[in-house]
Amino acid sequence: MRSPDLLRFNLRLLTGQWFRSLMTLLATAVGVAAVLLLTGMGEGARRFVLEEFNLLGNDVLIILPGRKETTGGIPPLTGEGTRDLTLGDAEALLRLPGVRTVAPLIVGLAQVEANGRNRELVVVGTSRELFNMRQLQAAQGQVLPDLPLDRAEAVCVIGHAVRGMLYDQQPVLGRWLRTGDRRCRVIGVLEDRGVSLGTDLSESVIIPVASAQQLFNTQGLFRLFVQVQHLELIEPLKPAILDLIQQRHQGERDITLITQDSLLGVFDDVLQLLTLAVGAIAAISLIVAGILIMNITLISVSQRTAEIGLLKALGASERQVHRLFLSEALMMTLIGAALGILIGYGLLWGGHWLWPQFPVSVPLWALLGAVLLAVGVALIFAWLPARKAARLPPVLALKGITHA
Amino acid sequence: MIRLEQLCKRYQLGDEPVMALDHVDLGIDAGEYLSVMGPSGSGKSTLLNMLGLLDTPDSGRYWLGDTEVSALGEEARAAQRNRQIGFVFQAYHLIDRLSARENIELPLVLTGTAPEQRRPRVNDLLQRLGLERHADHLPNQLSGGQRQRVAIARAVIRKPALLLADEPTGNLDSHSGQDVIELLEELNDEGITLVMVTHDPNMGQRARRRLWMQDGQLLKDERDAQP
């Protein structure tokens, strides 16, 4: 039988019993749509988290003061019993071959006063390098100027939310702002990056690191970010950094090195597993659809016994009859799967339209897996009824007797 | 053309075995017109199914043309059915959801003939059987006589050597029955071998060769002297 003829023959069958076909289609469609929807959401959540934490780029090493082991015990309280990370360390690190830039970070709370209003806000001390690393840009004005690390210039860049809190819609560039007991001039407003799970810079005031040291009266840095020149240099640079700091800290290896990948890897694994799990749960509905297809095929076989006999009398072989029934089930599944893909993507895009910040994307393995599973299940479950049809002796089948 | 040798078929009917065919020997020449008569249960339908390769004998041999078809497997027998044998049933056995045209071309579709080759052949037959106007009608829009004509067209579309008819007029009134039988005879005149099972003696008498069966055995084999 030629494929177009087979197609037409089956189509007649499906449209002839459109209600029954529709219900079966729907079962497959719901299964496929469920897989797409759940994995799409799981994958969306994964990407969302990764994007939030991926701001630094993976060529950045994070240095924390104090030695923190991933195994054993509670980490020591910050700074206690260890030497501070200093701006001197930062400058020494910058001279290491392979290091592109170093950005220091000091974070603290301070009373911020401007325009007659007073708020307790996060004050971040850093350098221009951090803006480059995190790809932060100013919506208005400019970011921190390129200063020597130890120069405490009286300038600041404020987050988007801070601007709203303190100045409403008034112009802000060039205005004075007081952090603690120090005054600084606003030179820029950060662009609004939406909610960020990392450090939320939109509610902070960013000042040069030397100013922050004076403000919080400390030499110690909270973090040092080291950006390497090439991704491959990350691993070889780790021991070099540790050695250098050890040398500068009188033989104590009192820092912890983290790469962003090691942080993200954990999230990634967990979320991927979660996506896989919800996808697998959704796949159960496909198996239910398969059982429905088996029933439909069984009914089809017993309703069409006489027709099977006739086809055999007209010269259809066992193999042809078998193929006829299998292809009927297959067609039903494929149409159902196509419908399911439409529904699944439709709902995902609907969701994305309602919550634009939530990325949705169906992983390719889920899409292929769902369709393949639907087809596989249909073939497996239709196999037995189709074989039953194929094996019917034509004489008995012509009389409409199913059970010989 | 057809040779049966010691053909046997036994059925289990309840507790008792029934000999549907009891060592039947039969030879049929090409172009013969043969009727098979006998009471129900005499084995005439079994004989027809046997000739049509729908049923397999328990023992004995069957030659169709030069092939011993009793030795063939199911696939090969299906191919033989398609090429050599046409069936006409009492209950027509048309497929309800297909139009007259689609029913007629079904044997060609099964062998994978291209649509452009199917079309002229179906058109010829439709015209010949006076069914042109009904080509796109579904079976339930046709009268009994028309349905049986469609079934006959389907049976001969592959130009088989052997046409087997099982009570072809059984469901028809006498007028359309007459039409159908005349059509079958016309086909026989063109050279097709016609074997017809009937329990209507009037129909049976029309055949040039008449078989009577009882209890699975050939009781009488009658031939007319002329042609």
Side-chain angles (χ1 to χ4, degrees), chain A residues 1-21 299-325 327-328 331-332 386-401 403-404, chain B residues 9 11-12 20 45-50 52-56 72-99 102-118 138 151 154-158 160 164 166:
Chain A
M1 224 165 154
R2 295 156 58 92
S3 317
D5 287 328
L6 190 67
L7 223 65
R8 215 155 42 98
F9 191 83
N10 285 334
L11 218 55
R12 274 290 165 79
L13 210 59
L14 298 184
T15 50
Q17 312 212 309
W18 63 270
F19 189 72
R20 200 181 71 182
S21 310
I299 293 171
S300 183
V301 169
S302 50
Q303 276 181 345
R304 289 162 65 199
T305 314
E307 185 187 317
I308 295 165
L310 172 78
L311 289 173
K312 287 194 144 188
L314 295 183
S317 61
E318 268 187 30
R319 221 179 43 222
Q320 262 181 324
V321 174
H322 195 210
R323 246 180 54 190
L324 211 59
F325 279 86
S327 64
E328 183 194 341
M331 249 171 91
M332 212 141 58
R387 202 182 58 174
K388 186 179 153 192
R391 296 244 172 117
L392 280 177
V395 184
L396 295 171
L398 274 170
K399 291 181 188 150
I401 302 169
H403 301 285
Chain B
K9 182 73 186 182
Y11 285 121
Q12 199 75 26
S45 286
T46 308
L47 179 66
L48 199 74
N49 291 334
M50 220 45 99
L53 297 171
L54 290 179
D55 211 346
T56 46
L72 296 177
E74 168 59 29
E75 295 286 306
R77 285 191 297 137
Q80 288 283 341
R81 281 200 294 268
N82 183 273
R83 216 167 37 143
Q84 306 249 40
I85 302 166
F87 292 91
V88 178
F89 306 95
Q90 180 177 4
Y92 326 125
H93 282 304
L94 299 177
I95 296 182
D96 293 335
R97 59 180 186 278
L98 301 182
S99 70
E102 287 165 327
N103 266 293
I104 293 172
E105 66 180 5
L106 206 51
L108 296 176
V109 169
L110 284 174
T111 52
T113 313
E116 54 273 18
Q117 286 165 10
R118 300 199 299 250
L138 294 177
R154 181 182 62 192
V156 299
I157 187 81
R158 287 274 281 150
L164 302 172
D166 191 356

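Remember, it's a predicted structure, so these values are computed and weren't measured experimentally. Proteins come first, then strands; the chains are lettered A, B, ... in the order of their sequence lines, and each starts at number 1.
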Set out, in order, the CA-CA distance, both residues' side-chain angles and the distance that settles side-chain contact (heavy atoms from CB on, under 4.5 Å) for A/Phe9 and B/Leu106, then state yes or no. CA-CA 10 Å; A/Phe9 191 83; B/Leu106 206 51; 4.1 Å; yes
Bottom line for B/Thr113: the part with an atom under 4.5 Å from chain A's heavy atoms is backbone
Interatomic distance, CD@A/Glu307 vs CG@B/Asp96, rounded to 0.5 Å, equals 8.5 Å
Rounded to the nearest 0.5 Å, the CG atom of A/Leu314 sits from the CZ atom of B/Arg154 at a distance of 5.0 Å
For B/Ser99 and A/Arg12 the tightest heavy-atom approach is N-NH1, 4.4 Å
Rounding to 0.5 Å, atoms CD (A/Gln320) and CG (B/Asn82) come to a distance of 8.0 Å
Answer key: most heavy-atom pairs under 4.5 Å with chain A among B/Pro115, B/Ala79, B/Ala114 is B/Ala114
For B/Phe89 and A/Ala313, the nearest pair of non-hydrogen atoms, with its separation, is CZ-CB, 4.1 Å
Value for CZ (B/Arg118) from CZ (A/Arg2), rounded to nearest 0.5 Å, stands at 7.0 Å
d(B/Leu94 CG, A/Leu310 CG) to nearest 0.5 Å is 8.0 Å
If one checks every heavy atom of B/Asn49 against chain A at 4.5 Å, the contacting part turns out to be side chain
| field | Donor-acceptor contact below 3.5 Å, side chain B/Arg81 vs main chain A/Lys312 | value | yes
Honestly, the part of B/Glu105 sitting under 4.5 Å from a heavy atom of chain A is side chain
Minimal heavy-atom distance between B/Ala78 and A/Ala316, with the atoms involved, is CB-O, 3.8 Å
When the 4.5 angstrom heavy-atom criterion is applied to A/Leu6 and chain B, the contacting part is neither
When the 4.5 angstrom heavy-atom criterion is applied to A/Arg319 and chain B, the contacting part is both
When the 4.5 angstrom heavy-atom criterion is applied to B/Leu53 and chain A, the contacting part is neither
CD of B/Glu74 to CZ of A/Arg391, rounded to nearest 0.5 Å, is 11.0 Å
Under 4.5 Å to a heavy atom of chain A? For B/Glu102 that would be side chain
Honestly, the part of A/Leu324 sitting under 4.5 Å from a heavy atom of chain B is neither
Interface check, chain A: of B/Asp55, B/Ile95, B/Thr46, most non-hydrogen pairs under 4.5 Å belong to B/Ile95
